[in-house]
Q: 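There's a structure below that I have some questions on.
Lettering of chains follows the sequences in order, A, B, ..., and the numbering in each one begins at 1. None of the values given here were measured: they were computed from a predicted structure.
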There are 2 protein chains.
Amino acid sequence: MTGRRDGVTISQVAKAAGVARSSVSRAFTRPDMLSQQTVERILAVAEELGYVPNHTARALSTGRHGNVALIVPDVANPFFPPLIRSAQMEADRFDFCVFLGNSDEKAKQEDKLVGRFSGQVEGLILASSRLSDERIHAHAALRPLVLINRDVAGISRILIDSGSGVSEAVAHLAELGHRSLVYVAGPSSSWSNAQRRMAVRKSATALGLEVQTIAAAVPSFQAGRNAVPAIRASGATAVVAFDDLMAQGILAGMSEAGVRVPEEFSVVGCDDVLGAATYPPLTTVSNRSVEAGKAAFSLLMDVLDSSAIRDVRYMLETHVVVRGTTGPAPR
Amino acid sequence: MTGRRDGVTISQVAKAAGVARSSVSRAFTRPDMLSQQTVERILAVAEELGYVPNHTARALSTGRHGNVALIVPDVANPFFPPLIRSAQMEADRFDFCVFLGNSDEKAKQEDKLVGRFSGQVEGLILASSRLSDERIHAHAALRPLVLINRDVAGISRILIDSGSGVSEAVAHLAELGHRSLVYVAGPSSSWSNAQRRMAVRKSATALGLEVQTIAAAVPSFQAGRNAVPAIRASGATAVVAFDDLMAQGILAGMSEAGVRVPEEFSVVGCDDVLGAATYPPLTTVSNRSVEAGKAAFSLLMDVLDSSAIRDVRYMLETHVVVRGTTGPAPR
DNA sequence: CTGTTAGCGCTTTCAT
DNA sequence: ATGAAAGCGCTAACAG
């Protein structure tokens, strides 16, 4: 009963316009139910008084908030900002507000955030969720949920298939005459890593190329740089890295070792988060994160107004983006 | 009167526990007003029933939402994600939810977002706001407002002084024996650019160095790369770039031109958004965006519980971060 | 087409 | 220490 009461209320407008409160409400939400005259008069009075509908009261009454929550493991991971941005822009078209949550890669934190948000949103989008399948199902039972890059049966999800682009990259390398390559792996627990590793292996085998895998615990610039000696020792002429950051590290390592790219060695990254901002510009695999963000929001809207929709599984194919770090196999 | 009614309400808990609704409310918000026994019993019953306080109803009644909004010009600009992240983590400590808005660099969009958010937040944080002073004052009159990197008298603000770090960078260069340098400028309309440009000029003059300025309309990797011929023609032995992206482009351009960094030429970036992910790792100026995000939120909290606070002007100094792209002046 | 009347779920005086 | 009751501002039957 305290708190800042800063607004003109519907009652004041009603009194000033000489109508019932419900009419004022209708003037804003269902103007077709009122005579045009009345609507105009009410709107004029409202304008004059500086009336602004109270979002909270409306939400309490209707159960509709016009909010969604988007939770990501790490806002600062360059993969997410474009996704966040596009989800946001799409939300804007629907006049929705978006809460952003940072789970800090921790399931517990993510769980907490979902709880904090769920009372004031229509639905949630979980990107690369760290939650267990059980928790996801539990939350999905309470609120519409859309997943990005997480494949849980029964929950609507948008999946980015980096495998398709990686396969293209391998084919691209094969065409350039490379016969032996190495895949520099990312975190073994990662869905994306498994996907990429498998794609490299499968398409390389199909094209008669040799593949070796070099593991790196964390996908970092340093890890990529450190992998260079092993890569050179492998005898391969090209490398596909788990992500762009590692590829960038590899580029640096090669440069240090005096190996020219792409003349003597070819490098392919993954996720296209660097733009063309390396020298030479990095050949990589597109990420589709922009589409994923947009699609996730749209899907959530669909789920919202037809709660029958469940278990949608929307796969986004990726492609190789050929730039300057891949060239004909040496010799 | 429709909408999803998915919750156990306070009334149900009250009945099940054999107490008044107000007691249930107090058990959650003012347990000290009740006997410990009662509190325990109520909490147990609530737990058992799966009661969760309705955020919206509470907000309507108290006028307190526990939400803040953070608006940035572009989520995908690498300067902002760390800031967003830290503001978020700080908000988390206070159990606040944060709305994120992307103004897309447009004042009109920003204005719209502020309007959309302001009904359901305690206050707002505007980072690098594109709004006019008038609009900012107008909004600040309705809701507590904190600005980041925008200096408007009468409004609490956090300013990142990149000038201090740039001056350090120039001193660092002078110590290395450089006598002539060029500043590759960013957008002329930018507050930061003016700040940095002036710092370079001032400290260079003080140290007896020559400075030339090369302008670039947009701060991009390409712009940096394109500036290389002009930089080389200038006869300078070091360059300070408006931001890291341009510095990275300059690095690429130098590499293409066969100029070795830092042996033959020194390069300093600004904002430290690349981490050490270039080769050689870039010497740059710290950005303090993490502190800015955190400080902005804290300041907002301060403003909230002591509305007397206004016109706080909190300046964050920056520093040069010496890495691998600066070395002794050649010859 | 418009007014009357219940709520939505919670907090907060005011009593007791 | 606890209960009763009056809202917070808006929406949505239900009447007319």
Side-chain angles (χ1 to χ4, degrees), chain A residues 1-43 45-46 49-67 118-122 142, chain B residues 1-43 45-46 49-67 118-122 142:
Chain A
M1 247 68 153
T2 52
R4 65 167 51 213
R5 300 264 160 272
D6 42 11
V8 178
T9 76
I10 214 174
S11 303
Q12 305 179 35
V13 178
K15 190 187 299 176
V19 297
R21 279 151 57 222
S22 49
S23 290
V24 179
S25 173
R26 289 193 269 254
F28 283 88
T29 56
R30 224 165 276 330
D32 47 298
M33 286 182 68
L34 265 41
S35 81
Q36 203 181 315
Q37 281 188 38
T38 324
V39 173
E40 276 166 13
R41 182 157 41 93
I42 294 177
L43 258 32
V45 174
L49 262 47
Y51 167 74
V52 175
N54 180 314
H55 194 104
T56 310
R58 185 177 280 180
L60 179 58
S61 183
T62 62
R64 227 171 286 113
H65 306 77
N67 296 150
S118 71
Q120 31 183 352
V121 299
E122 247 56 15
L142 302 176
Chain B
M1 246 69 150
T2 52
R4 66 167 50 213
R5 300 264 160 270
D6 44 9
V8 178
T9 75
I10 215 174
S11 301
Q12 304 179 36
V13 177
K15 190 186 300 175
V19 297
R21 279 150 57 221
S22 48
S23 292
V24 178
S25 174
R26 289 193 266 255
F28 283 87
T29 56
R30 225 166 278 329
D32 47 297
M33 286 183 68
L34 265 40
S35 82
Q36 205 182 315
Q37 281 187 38
T38 324
V39 173
E40 276 166 13
R41 183 157 40 95
I42 293 178
L43 258 32
V45 173
L49 262 46
Y51 168 74
V52 175
N54 181 315
H55 195 103
T56 311
R58 184 176 281 178
L60 179 58
S61 182
T62 62
R64 230 170 285 114
H65 307 77
N67 297 151
S118 71
Q120 31 184 351
V121 299
E122 245 62 10
L142 302 175

Q: From the options D:dG9, D:dG3, C:dT11, select the nucleotide whose nearest atom is closest to the side chain of A:L60.
A: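 Side chain of A:L60 sits closest to D:dG9.
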Q: Quickly work out the A:L49 CG to D:dG9 P distance and round it to whole Å.
A: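 Checked: the CG to P distance equals 14 Å.
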Q: Atom CZ of B:R21 and atom C1' of C:dT13: how far apart are they, to the nearest Å?
A: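 To the nearest whole Å, that distance equals 14 Å.
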Q: State which of C:dT2, C:dC10, D:dA12 makes the closest approach to the side chain of A:L34.
A: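 Nearest nucleotide to the side chain: C:dT2.
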Q: Send over the distance from B:N54 CG to C:dC8 P, rounded to a whole Å.
A: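 That distance rounds to 12 Å.
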Q: Looking at A:R58 and A:P53, would you say the former's side chain and the latter's main chain have a donor-acceptor pair under 3.5 Å?
A: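 Looks like no, no N/O pair under 3.5 Å.
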Q: Looking only at side chains, do A:S22 and A:S25 share a donor and an acceptor under 3.5 Å apart?
A: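 No, A:S25 and A:S22 have no side-chain donor paired with an acceptor closer than 3.5 Å.
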Q: Please work out if A:V24 contacts a base, only the sugar-phosphate, or nothing of the nucleic acid, heavy-atom cut-off 4.0 Å.
A: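 A:V24: no heavy atom of the nucleic acid under 4.0 Å.
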Q: Assign B:S35 to base, sugar-phosphate, or nothing according to its heavy-atom contacts below 4.0 angstrom with the strands shown.
A: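 It contacts sugar-phosphate atoms only.
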Q: Please name the pair of heavy atoms, one in A:G119 and one in B:T56, separated by the smallest distance, quoted to 0.1 Å.
A: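 That would be O-OG1, 3.8 Å.
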Q: Quick check: any donor-acceptor pair below 3.5 Å linking the side-chain of A:S22 to the base of C:dT4?
A: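 Counting by modelled atom types and ignoring angles, a donor-acceptor contact under 3.5 Å is found here.
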Q: I need the NE2-C1' distance between A:H65 and D:dC10, as an integer number of Å.
A: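 Those two atoms, NE2 and C1', are 13 Å apart.
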Q: What verdict does the side chain to side chain contact (heavy atoms under 4.5 Å, CB included) test give for A:N54 and A:T9, after you've listed the backbone C-alpha separation in whole Å, the side-chain angles of each residue and the deciding distance to 0.1 Å?
A: CA-CA 8 Å; A:N54 180 314; A:T9 76; over 6 Å; no
Q: Picking from D:dG3, C:dT2, D:dT11, which would you name as closest to the side chain of B:R26?
A: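 Closest nucleotide to the B:R26 side chain: D:dG3.
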Q: Figure out the CD/C1' separation between A:Q12 and D:dG9, and round it to whole Å.
A: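 After rounding, the gap between these two atoms is 11 Å.
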Q: Using heavy-atom distances to pick each residue's nearest nucleotide on DNA chain C, tell me which of A:R41 and B:R58 is more 5'.
A: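 Result: A:R41.
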Q: Do any N or O atoms from the side chain of A:E122 and from the backbone of A:H65 form a donor-acceptor pair under 3.5 angstrom?
A: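 The answer is yes, because a donor-acceptor pair under 3.5 Å joins these two groups.
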Q: Quick check for you: among D:dC10, C:dC10, D:dG3, whose closest atom lies nearest to any side-chain atom of B:T9?
A: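 Nucleotide nearest to B:T9's side chain: C:dC10.
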Q: If you assign B:A57 and B:V39 each to the DNA chain D nucleotide with the nearest heavy atom, which residue ends up on the more 5' nucleotide?
A: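 Going by which nucleotide is closer to the 5' end, it is B:V39.
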Q: Base, sugar-phosphate, or nothing: which does B:T38 touch, judged by heavy atoms less than 4.0 Å apart?
A: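 Answer is sugar-phosphate: B:T38 comes under 4.0 Å of backbone atoms only.
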Q: Side-chain N or O of B:T62 versus OP1/OP2 of C:dT11: is the shortest distance under 4.0 Å?
A: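 Negative; the distance criterion is not met.
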Q: With a 4.5 Å cut-off on side-chain heavy atoms, are A:L34 and A:I42 touching?
A: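 A:I42 reaches A:L34 side chain to side chain.
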Q: Looking at B:S25, does any N or O in its side chain come under 4.0 Å of the phosphate oxygens OP1/OP2 on C:dC10?
A: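 Looking at the OP1 and OP2 atoms of C:dC10, neither is under 4.0 Å from any side-chain N or O of B:S25.
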Q: Touch check for B:Y51, heavy atoms < 4.0 angstrom, all strands: base, sugar-phosphate only, or nothing?
A: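 Since only primed, P, OP1 and OP2 atoms lie under 4.0 Å of B:Y51, the category is sugar-phosphate.
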Q: Rounding to an integer number of Å, can you tell me how far A:I42 CD1 sits from C:dG3 C1'?
A: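 Those two atoms, CD1 and C1', are 12 Å apart.
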Q: Counting side-chain heavy atoms from C-beta on, which of D:dT11, C:dC10, C:dG3 comes nearest to A:S61?
A: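 Between D:dT11, C:dC10, C:dG3, the one nearest the side chain of A:S61 would be D:dT11.
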Q: Nearest whole Å is fine: how far is C:dT2 C1' from A:I10 CD1?
A: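 So the two atoms are 14 Å apart, to the nearest Å.
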Q: Across the strands shown, which category fits A:T29 at heavy-atom distances under 4.0 angstrom: base, sugar-phosphate, nothing?
A: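 The answer is sugar-phosphate, as A:T29 gets under 4.0 Å only of primed atoms, P, OP1 or OP2.
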Q: Quick one: A:D32 CG to C:dC1 P, roughly how many Å, whole number?
A: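 So the CG-P distance, A:D32 to C:dC1, works out to 9 Å.
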